[in-house]
Amino acid sequence: MKAMKAAVAHAFNTPLTIDDVAIPTINDNEILVHIKASGVCHTDIHACHGDWPVKPKMPLIPGHEGVGVIVELGANVTHLKKGDRVGIPFLYTACGHCDYCLEGKETLCPDCQYTGYHMDGGYADYCRADANYVVKIPGALSFVEAAPLFCAGLTSYKALKVSRTKPGDWVSIVGVGGLGHLAIQYAISMGLNVVAVDTGEERRAQSLKLGATYFIDFKKEKPEDEIPALLGTGVHSAICTAVSKAGFESAYASVRRGGTLVLVGLPPDDIPVPIFDTVINGITLVGSIVGTRRDLEECLEFAAQGKIKTDIHIRKREDINQIFDDLEKGKITGRIVMDFES
Ligand code: NAD
Ligand code: ZN
Ligand code: ZN
């Protein structure tokens with residue numbers, strides 16, 4: 001057996017261990033990627049906790065921001081070559097022939113599978129991937145720079161695309177974490193005005209530096225009161241990435257008549273949707289799940305052109321349990337990337 005190192009979750013709510021495991025074997029439609037860097041998404045914590053109705057495999061190698069170099073190609077793979085730099089996003093695979101896949105909405109495919117969830121992911125030296133669902137990394141981006149874009153960048157970008165906003169509109173970015181601090185930058189690049197909502201001086205400074213017009217500290221002020229005080233009315237759209245039921249309730253109440261709440265964060269608990277207010281105010285609720293390969297190419301291009309820059313903190317894979325703990329406690333600004341080359 002050829003072995004590699006990986007961070008492995010063996011059961012829900014137990015610490016991960018760094019194990020020697022077999023290097024994955026690939027089928028004819030897959031590739032093997034030598035992982036160079038891997039971002040840490042809050043979703044990885046939800047997976048390891050079994051937070052959601054659909055459970056991941058166990059044991060599990062988490063991670064869906066793994067990027068690296070192709071070292072092996074399945075017999076049917078002709079559009080990629082060894083040495084190509086690619087990332088393996090959350091959407092590991094989809095069926096390719098259902099209504100959604102045919103319409104270019106592969107994230108809605110009922111038969112889709114998720115990386116670092118149904119399939120082992122990027123917290124490993126090597127990761128297998130469906131050749132048709134990886135995306136190439138633009139030459140202008142290093143592995144470390146590219147990693148967080150494969151989920152945090154993609155998801156933020158897509159959420160804004162479905163927010164039914166246009167340049168000049170106001171959006172609130174609720175939750176300025178890994179996703180949110182990139183959402184601010186994509187929003188600014190799209191010509192939107194931003195109200196950022198999170199807590200603490202560090203996130204305030206970061207949000208304003210990234211171009212938000214206002215920052216509201218949800219621990220000190222109620223965004224649903226403060227936003228109308230600042231804008232005269234609610235936002236055209238609220239993008240909620242907060243891992244918090246209260247954050248979603250407040251985001252809902254911050255949207256103006258005719259506006260849109262985009263649900264992105266995935267706290268385990270639900271919010272009751274007020275029927276009367278939603279009807280009378282003509283509110284649209286949109287669920288947004290990662291993004292397609294095309295969205296990913298677009299989102300990477302923004303970064304390749306220097307319009308988006310992730311606030312990256314490099315940590316070691318051996319520290320993964322501490323990283324999870326820090327992320328859960330809100331101690332991390334920007335995104336943690338584990339750099340396997342350093
Ligand atoms: P993160 O921990 O980096 O960021 C979450 C942020 O929310 C933190 O900055 C925290 O301080 C803030 N927050 C908490 N309560 C808040 C409140 N009441 N109001 C405003 N902000 C609040 O996490 P992340 O990696 O950015 O992921 C965020 C969420 O998005 C997770 O639940 C994750 O699973 C989910 N996610 C969804 C998709 C998708 O496709 N929909 C993709 C990736 C991640
Ligand atoms: Zn993610
Ligand atoms: Zn399909």
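Computed over heavy atoms, backbone and side chain alike; hydrogens, waters and symmetry mates excluded. Both counts, for ligands and for their atoms, begin at 1 and track the order of listing. Treat the numbers as computed from the prediction; the structure is a model and nothing was measured.
Comparing V262, T241, T155, L263 by heavy-atom distance to atom 28 (C) of ligand 1, the nearest is T241. Comparing D198, L182, I45 by heavy-atom distance to atom 11 (O) of ligand 1, the nearest is D198. The heavy atom nearest to atom 21 (N) of ligand 1, considering only G334, G175, A152, is found in G175.
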* To do: Show your reasoning for whether side-chain contact (heavy atoms from CB on, under 4.5 Å) applies to I88 and I35.
  => CA-CA 10 Å; I88 311 170; I35 301 293; 4.1 Å; yes
* To do: Give the C-alpha distance, both sets of side-chain angles, the deciding distance and a yes or no for side-chain contact (heavy atoms from CB on, under 4.5 Å) between S172 and I227.
  => CA-CA 9 Å; S172 62; I227 287 174; 4.1 Å; yes
* **Full working for salt bridge (Lys or Arg N to Asp or Glu O under 4.0 Å) between R317 and D125** => CA-CA 11 Å; R317 181 169 48 191; D125 294 343; 2.8 Å; yes
* To do: Take K245 and D269 through the test salt bridge (Lys or Arg N to Asp or Glu O under 4.0 Å) and record every step on the way to the result.
  => CA-CA 6 Å; K245 179 181 174 172; D269 33 17; 5.7 Å; no
* To do: Would you sort out whether M190 and Y157 count as a side-chain contact (heavy atoms from CB on, under 4.5 Å), showing the intermediate values?
  => CA-CA 10 Å; M190 292 171 177; Y157 173 65; 3.4 Å; yes
* Apply side-chain contact (heavy atoms from CB on, under 4.5 Å) to the pair V40 and I320, showing each step before the final yes or no. => CA-CA 9 Å; V40 178; I320 189 63; 4.2 Å; yes
* Derivation and outcome, salt bridge (Lys or Arg N to Asp or Glu O under 4.0 Å), residues K57 and D120 -> CA-CA 8 Å; K57 74 189 269 291; D120 282 333; 2.6 Å; yes
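Protein N/O/S atoms closer than 2.8 Å to the Zn ion (ligand 2): C41 SG, H64 NE2, C151 SG.
For F248, the heavy-atom gap to ligand 1 stays at 4.0 angstrom or more. At least one heavy atom of R335 sits less than 4.0 Å from an atom of ligand 1. At least one heavy atom of I289 sits closer than 4.0 Å to an atom of ligand 1.
Only side-chain heavy atoms of W52 come within less than 4.0 Å of ligand 1; its backbone N, CA, C and O stay farther off. Using a 4.0 Å cut-off between heavy atoms, S244 contacts ligand 1 through its side chain alone, with no backbone atom that close.
For H49 and F12, the distance between ring centers is not under 6.0 angstrom.
There is a side-chain donor-acceptor pair under 3.5 Å between R164 and T260. Checking H10 against T17 by side-chain atom types alone, a donor-acceptor pair falls below 3.5 Å. No side-chain donor from either of Y252 and D277 sits under 3.5 Å from a side-chain acceptor of the other.
The two residues D217 and G200 have their closest heavy-atom pair at OD2-N, 3.0 Å.
Set against the non-hydrogen atoms of C151, the atoms of ligand 1 under 4.0 Å away are 42 (C), 43 (C). Here is the list of ligand 1 atoms found below 4.0 Å of a heavy atom in V174: 19 (N), 20 (C). Listed by number with element, the atoms of ligand 1 under 4.0 angstrom from any heavy atom of G247 are 17 (C), 18 (N). Close contacts of ligand 1 with V176, meaning ligand atoms under 4.0 Å from a residue heavy atom, involve 9 (O).
Taking the six-membered ring where the residue is Trp, Y214 and W170 present parallel rings, their angle staying beneath 30° rather than reaching 60°. Using cut-offs of 30° and 60° on the angle between ring planes, the pair Y117 and F90 is perpendicular.
Scanning the protein for heavy atoms near atom 13 (N) of ligand 1, the closest one is A242 CB, 3.9 Å. Nearest non-hydrogen protein atom to atom 4 (O) of ligand 1 is G177 CA, 3.3 Å. Of the protein's non-hydrogen atoms, G178 N, 2.9 Å is the one closest to atom 3 (O) of ligand 1. In terms of protein heavy-atom proximity, atom 30 (O) of ligand 1 is closest to G265 CA, 3.3 Å. For atom 2 (O) of ligand 1, the nearest protein heavy atom (residue, atom name, distance) is H42 ND1, 2.7 Å. Distance from atom 19 (N) of ligand 1 to its nearest protein heavy atom, with residue and atom name: F218 CD2, 3.3 Å. Closest protein heavy atom to atom 26 (O) of ligand 1: L179 N, 2.9 Å. Considering only non-hydrogen protein atoms, atom 44 (C) of ligand 1 sits nearest to T43 OG1, 3.3 Å.
E202 CD: 12 or fewer foreign heavy atoms inside a 6.0 Å radius. Heavy atoms of other residues, nucleotides or ligands lying less than 6.0 angstrom from NZ of K55 number more than 12.
Stacking of K105 on the aromatic ring of Y100 is not recorded, the 6.0 Å distance cut-off and the 45° axial limit not both being met. Within the cation-pi definition used here (under 6.0 Å to the ring centroid, within 45° of the axis), R85 qualifies as a partner of F143. Geometrically, R203 does not engage F215 in a cation-pi contact, judged by NZ or CZ lying under 6.0 Å from the ring centre and within 45° of the ring axis.
Without hydrogens or angle criteria, K158 side chain to V290 main chain gives no donor-acceptor distance under 3.5 Å.
Considering backbone and side-chain N/O of G180, none are found under 3.5 Å from N/O of ligand 1. The distance criterion of under 3.5 Å between nitrogen or oxygen atoms is met by V290 with respect to ligand 1. Inclusion of C41 in the set of residues having an N or O under 3.5 Å from an N or O of ligand 1 is not warranted. Checked by distance only, ligand 1 and R203 come closer than 3.5 Å through their nitrogen or oxygen atoms. The shortest N or O to N or O distance between V264 and ligand 1 is under 3.5 Å.
Each of K222, E226, E224 was scored for a side-chain hydrogen bond (donor to acceptor under 3.5 Å, both in side chains) with S250, with one residue passing: E224.
Counting only protein N, O or S atoms closer than 2.8 Å to the Zn ion (ligand 3) gives 4.
Salt bridge annotation for D311-R335: absent, with no cationic side-chain nitrogen under 4.0 angstrom from a carboxylate oxygen.
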